[in-house]
Structures are given as C-alpha cells and as structure tokens.
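For reference, the structure is listed below as structure tokens.
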Number of protein chains: 2
Amino acid sequence: MEDHEGRGSSAEGLSAGRETVARRPVTLADVAREARVGESTVSRVLRSHGSFSERTRAQVEAAVARLGYVPNRIAGTLASTGSRLIGIVIPSLSNIVFPDLLRGATGALDAEGFQSVIAVTDYDEEREEALVASLLSWRPAGLIVTGLEHTPGTVRRLTASGVRVAELLDIDGPGLDIVVGYSNRSAGETSARYLVARGYRRIAYLGHDLTRDRRAGKRYAGFRAALAEAGLPLHAEERIAAPSSVEAGRNGLAALLGRAPDCDAVYFSNDDMALGGYFHCLAAGLTVPDRLALFGYNGLDVGRLMPQPLTTIRTPRVEAGATAARLLCNDAPATVVDLGFELITGATA
Amino acid sequence: MEDHEGRGSSAEGLSAGRETVARRPVTLADVAREARVGESTVSRVLRSHGSFSERTRAQVEAAVARLGYVPNRIAGTLASTGSRLIGIVIPSLSNIVFPDLLRGATGALDAEGFQSVIAVTDYDEEREEALVASLLSWRPAGLIVTGLEHTPGTVRRLTASGVRVAELLDIDGPGLDIVVGYSNRSAGETSARYLVARGYRRIAYLGHDLTRDRRAGKRYAGFRAALAEAGLPLHAEERIAAPSSVEAGRNGLAALLGRAPDCDAVYFSNDDMALGGYFHCLAAGLTVPDRLALFGYNGLDVGRLMPQPLTTIRTPRVEAGATAARLLCNDAPATVVDLGFELITGATA
DNA sequence: TTGAAAGCGCTAACAC
DNA sequence: GTGTTAGCGCTTTCAA
C-alpha cells in the first residue's frame, strides 16, 4: 500500500529560486582592494598568523563581511604545503561498525580543523587500490584505511606517496606506519575460552564471507585455535557467502541447526549475525542459553537491550577512529596502539 | 574481563618502515621532461582530451609509469573550473538511515567520477551553518544537505555561493534548488490511518527529540492530524530528550506504559525506537499485537527479521542519496523528486 | 598534433 | 606592521 499522493518524480523548474547571473566569485584580491590593504595582509588577518594592527583587522573583517568573501581552500592548499584533508577508506557503510569508526574520526578531525574525504571499498581489495590512488591525488595530510591487508599495489602507492597512513581495527600483523586497533585473533580466543569455561562442548561457528572480511577470519582462526587447545573440535560450522547481516544470522542459524541440531553454543562472526540468531531462537522456541548459547562480537548497543543481553566482546571502534585521526593530524611518529577489547558477559552464554 | 595481552597503547618507532627522505613529489613537468614533450601534451593525454598521436600517448604513459606520477587534483581543480567534489552534510552517523543515504550517494558519485567530503552536524543547525561554510571553501561542484530547515545564515551562504544544493529526505516545504525525498507528514498520516483502520483506539506516541529532528516532528504532526480527522485524541505520549535509539525505545515504552497502561497501540518515531519497544514487550511478557500494537518508521532490515515482522513504513533513503548525487553531478535543473514511501504490513500492528 | 605562456587564488618570503 | 612578488602544479587558450 502506498497512499502518498504524487509518487514518482515530478520535475518543477524552480528557476526563480536560482541565480542565473554568473558573478565572478569574490577573491582575496577583491577583499584587499576593498579594505585598502595588501593581499598578504588580508591573508595574515584571515589566518591570524603574523602580525597586523587592530585597525587593519577591523578593516579587513568589514570588507570580508561586505563582500561575503569565502576563502578558496583549493588555492590555499596549493600555495601552502599541507592540505588539512584526511582520506578515510572503509569497506562498508552497512555494518554500523564503520559509521562508528567514521564518527570517531570526523569528530576528532574537525576538532583539529581537518576535513575528511571518504571512500567505500565494499570489501574489495582491488577497489581499495583504486580508491587509495584517487584519494592520494588530493594530496591529503593522511589516510585512514581499514585493516592490515592490502594489495601490493596499494602498499606501493601508499609508501611511494610519502603520505602518513593509519591502519585501523586490527593489530595482528605488520603495519605500514600508524596502527590503531585491537587483536581480532585474541578476541576469537577469548570467546572460545569463555564458552569452554562455561561448560559448552558442542560449539559451532556461524560466519559470513571470511575471505573478504579478514578481521572476521582472524577471529575465526583464534577461536578454532583456542578450542583445539582445550581439546575440542568445532562441532559444526556454517558460512554465509554474503556480508554479515541480521538476515544472514537468522537464516544461517536455521540452516546450521538443520545440519547439526545438537549444538549447545554458537559463536557468531559478529553481533548482527548473533541478533539474527537470537531472533531465530525466539521464533523457533529454542531456550537461550539452556538449549543454545549465543556469542557475538562488537558490543553493539542493540545487544545490550535484547530481552536477554547478548554475551559478546565490545570493541572500541569510535576511539580507534578518534585516536587515528588525532595521531595523523599531529604527525605523530609511527606506532602501534592496542586499544584492547572487553568481554561483555550477558545472558545468552 | 580483559584477557588481551598488552592493553593500552604501546609506542614502537618503526622508523625502518617509513621513508625519511623528503623527495619532491613528481609533477607533471617531470613527466613532460621524461617523455620529451610539452606539459600541455601530457595534460591532454592524461585526461584523454584534445588530440595527440598514439606514439605520444605511449611515451607519456611510459614516463608516468616510470616516475610513478600521481596527478595533483588540487592544482588541477584550481586551474580548471569545476571541482568534482560533492560536500555531504548529515545530522548523524549513529542512525543507520544516514550511512544508508551516504552509501547511495557515494555509490553514484564514484560512478560519475566524483568524490565526497562529509560533515556531521549532530542535529545542530548552528553547526550545520559552520560546516556548510567550511565545505563551501573547497569549492565543491555541489552540496547535499539533509532536510529543508536551515538557519538564515546557512541559506544565505548557500545561495550566495552559487553552488548547486540538494536537500534530502523531506519534501514538506519549499526547497532551495534540488529536493529529493518523501513526505514525512504524509507518512505520519498513513501510519495513523492504518492503526485506526485496524481498530486501535487508545493510540500513543513515543518519540525522541523533535525540535532537533525536524522530519520526526513532521511525521508526528501528520500522525496527530490524521488521528484528529478520525475523531481520536492521542491517548498518551512520551518524548525522550535524546537522539533516537533502541535504548530510548525500550526505556521510553516502559515509562509510557507506566503512565498509560491501557494503550492499545504505540506509534514510534522510528524503527530503532520500535525495536526497543518490542524488546520491552518481550521482556515484560506483553503480547504483540494483541495487548499492544507497535508501528515504526524507516523499514530497516532488522524489523523484517524480528520474530514478528515490524509494521512500519519503508523509506527509499539509499535511492535518495543516489538520485541527489546523480542530479548534482549532471548539473540537472532545480527540481523536486518525490520518491514516495511504502507501508510494510508486518505482524506487530 | 604540439608547445609556450598566462593564469587559477592563495601563501610565504622578503623587503620596506 | 604592511606591501610586493614569486611561485604552488595544473589547465587552457593560442600560435605554430
């Protein structure tokens, strides 16, 4: 049903609303003329850099206001050295983790007076290479990328550019410059040990496309390794050949239980998947955690608010974005920042 | 609990990993010299614009490859007219609606060879003004902003700049240039009529901060108007003085029912709130929809996957982002595009 | 088909 | 404290 009048696109030329005269934009030279001072004086006043009299400042500001001058940062950047732009490359916008990262980064960035150009790879490393190349052509002060795995071409461009780089959300491996995140492998291990300690023995894994999401792959590896250490096999597993989603979690758990009905716990590749799994349990009348225990990853708000709070691992992704942004803006030395993670004991495992 | 070794930040100077030599970046002039042609020739070849021999093209490309030349778009933009940059201003990254919008926009944008600079206002119109001013200084080809309500200062800057503007996610009011979205007011009306038609009579509203989220305010107004038309009062209402969230929905519903236990239906300001409300019902043992019906807004995936699918309205926000981006890139005439919305009849109302 | 040269709007020396 | 000037790296006439 759709009761909304006028669906579809209706074009109405609002020519009255738009300026047709192509005025030449106001430049710094115009301001200088108007204020009867030199261009460099205007520049100094505008950036409050160097010295000038109070009187001059007033004149310049009056002229700026009268003319409605808007500085041209393109020109400013070209003339000066650095660009006050940071490029951010993330794999997806559909998983709230990345908007969170972005939120941390943009927050810190504009506290420092920087702006961000963003690019989305869809978990495609070839695309990442193209996007990095494209971002680099804006001569950004720095680049924030996700993860430590990149094509050789990406690495070459990155190092050749001399631009500062921060790699985020993973510290399991060598980085190029600044690395900010936490150990996914260790998170996987922690999850397995927790389930084992709780007495679960027929533990299954439900995940999404691990070849594209490298960090999920590292958690999986850590999880399996810790199970093995405890002398347990992975009782069953299901991989959805798609990005993680609530839907994949719900349908995936149904499929998994179809093949291995006797699992007593499931480790999900993340909270979205786990939420879907929880919905399946509710719909199918499976008691959580007695009949089946559920364990997620990320510590999303929604997990905390389920009728039974989700047992999961909270990751400081907003902080990771903010930390990386701050380090880049201040041109900090190359470093690895391990933000750690936190096990959240809920009621589902 | 935190079993991860090495929490906290550990700095390790990886000086070996970084280039210390401050090489001058390769410029177009270097390529010209290397290829033994003029600069303008290189420029033409690189943008495949104008004419040049096959032989020249090969020489230039070889030189580019040999030197690892990366064009400088800052310089390119300054020298030419247009900037192939689109500024995007959204109120939040916490509500998945805006990442969705962003996803639509960035997808279309890079199909057109444009890049996006984003800014987040946190639902603050003063901040929007500052961010618009800041984005404008990059001389973008266009700006995408959210909603139709802006401070006079924002409007002045926008119109004075001569830059194309697309206002998104709302069509209830006059726009400045391009407007792409749907009627929030009408969505509110549709929701009310649906609940009334289903026989609910003691209908309540649970919302978040409506003075900041103008679109939620318009839905609320439409909702109330349609109830009044049906001769019904709003049975009760609760407003959380915070952004919408699952938590606000869950706690808010508990509060609302505390004061008005006899409601038979609740209209939520959006799906996040409704999901929280649903969780409250599950936790409190309230049968949905018999004891209490729930109605949301946005049509998020998660709503479709709840044990009982959420009754809601689906909004084409990805399409809105994509449509706006496409119109801006192609410098389309001012227009209003009504994308409509769709009522999703779930099992909660 | 190609090259020389004049900017684009600003910043940063460097004189005054 | 302030103005003059030479670029920043590219695009774009305009001749050749």
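Below, read A as the first sequence line, B as the second, and so on, with proteins coming before strands; counting in each chain starts at 1.
Regarding B:L78, its CG atom lies at a distance of 17 Å from the P atom of D:dG7, rounded to whole Å. Atom CZ of B:R57 is separated from atom P of C:dT2 by 12 Å (rounded to the nearest Å). If you measure from atom OH of B:Y69 to atom P of D:dG9, you get 10 Å, rounded to the nearest angstrom. Atom CG of B:L28 is separated from atom P of D:dC8 by 13 Å (rounded to the nearest Å). Atoms CG (A:N72) and C1' (D:dC8) sit 13 Å apart, rounded to a whole Å. Taking atom CZ on B:R33 and atom C1' on C:dA4, their separation rounds to 15 Å, with Å as the unit. The separation between A:D30 atom CG and C:dC8 atom C1' is 14 Å, rounded to whole Å. In this structure, the CD atom of A:Q59 is 15 Å from the P atom of D:dG1, given to the nearest Å.
The side chain of B:A79 lies closest to C:dG7 when the candidates are C:dG9, D:dT12, C:dG7. Comparing atom distances between the A:S53 side chain and each of D:dG1, D:dC8, D:dT11 picks out D:dG1 as nearest.
Across all strands, A:T56 comes closer than 4.0 Å only to sugar-phosphate atoms, never to a base (heavy-atom distances).
For DNA chain D, the neighbouring residues in residues 39-49 of chain A, judged by any heavy atom under 4.0 Å, are A:S40, A:T41, A:R44.
Using a cutoff of 4.0 Å between basic side-chain nitrogens and carboxylate oxygens, B:E129 and B:R157 are scored as salt-bridged. Salt-bridge annotation for A:R127 and B:D110: present, with a side-chain N of the basic residue lying under 4.0 Å from a carboxylate O of the acidic one. Salt bridge A:R212/A:D122: absent, no basic N to carboxylate O contact under 4.0 Å.
Annotation: side-chain contact (heavy atoms from CB on, under 4.5 Å) contacts of A:S92 (sequence neighbours excluded): A:S94, A:N95, A:F98, A:Y123. Here B:E125 pairs with B:R214 under the salt bridge (charged side-chain N to carboxylate O under 4.0 Å, His left out) rule; sequence neighbours left out.
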Practice prompt. For B:V70 and A:S161, run side-chain contact (heavy atoms from CB on, under 4.5 Å): C-alpha distance rounded to whole Å, both residues' side-chain angles, the deciding distance at 0.1 Å, then the answer.
Written response: CA-CA 8 Å; B:V70 177; A:S161 72; over 6 Å; no
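In this structure the side chain of A:V132 reaches within 4.5 angstrom of the side chain of A:L143, judged on heavy atoms.
Of the two residues near DNA chain C, B:R139 and B:S51, the one whose nearest nucleotide lies more 5' is B:S51.
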